[in-house]
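Written out below as structure tokens is the structure these notes cover.
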Amino acid sequence: MKKTYTLKEVAKITGQHYKTVYKHLQLGLLNAKSLTFGGTWRVSEENLQEYLNKIA
């Protein structure tokens, strides 16, 4: 199973605030999936790497 990250984990990795990461998700800068309606967002390793390249 591939590693996935929560938005809070992505925020910690990038040194950003959780709300900034969530805003980037809403703007389409970060791709993530919610496994259930209203559930926790999960970011794949590939999507995390793409996001890191965009914000670098």
query = Around K3, counting heavy atoms of other residues, nucleotides and ligands shown, do more than 12 lie under 6.0 Å from its NZ?
reply =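 Enclosed: over 12 neighbouring heavy atoms sit under 6.0 Å from NZ of K3.
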query = How far apart are the closest heavy atoms of T4 and E9, and which atoms are they?
reply =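 Looks like O-OE1, 4.0 Å.
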message = Can you give me the closest heavy-atom contact between A32 and L25, atom names plus distance?
response =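 For A32 versus L25, the nearest heavy atoms are CB-CD1, 3.7 Å.
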key: side-chain contact (heavy atoms from CB on, under 4.5 Å) between Y5 and E45, worked out   = CA-CA 8 Å; Y5 303 89; E45 282 189 89; 3.7 Å; yes
Hey, does [Y] have a side-chain heavy atom less than 4.5 Å from the side chain of [X]?
X   : Y   : result
H24 : K54 : no
L30 : W41 : no
H17 : Y22 : no

request  = For the pair L7 and V43, evaluate side-chain contact (heavy atoms from CB on, under 4.5 Å) and give the outcome as yes or no after the intermediate values.
outcome  = CA-CA 7 Å; L7 294 186; V43 179; 3.9 Å; yes
message = Measuring from atom CG of L29 to atom OG1 of T20, what distance do you get when rounded to the nearest 0.5 angstrom?
response =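 Answer for the CG-OG1 pair, L29 versus T20, is 11.5 Å.
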ask   = Can you tell me how far CG of L48 sits from CG of N31, rounded to the nearest 0.5 angstrom?
value =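 It comes to 11.5 Å.
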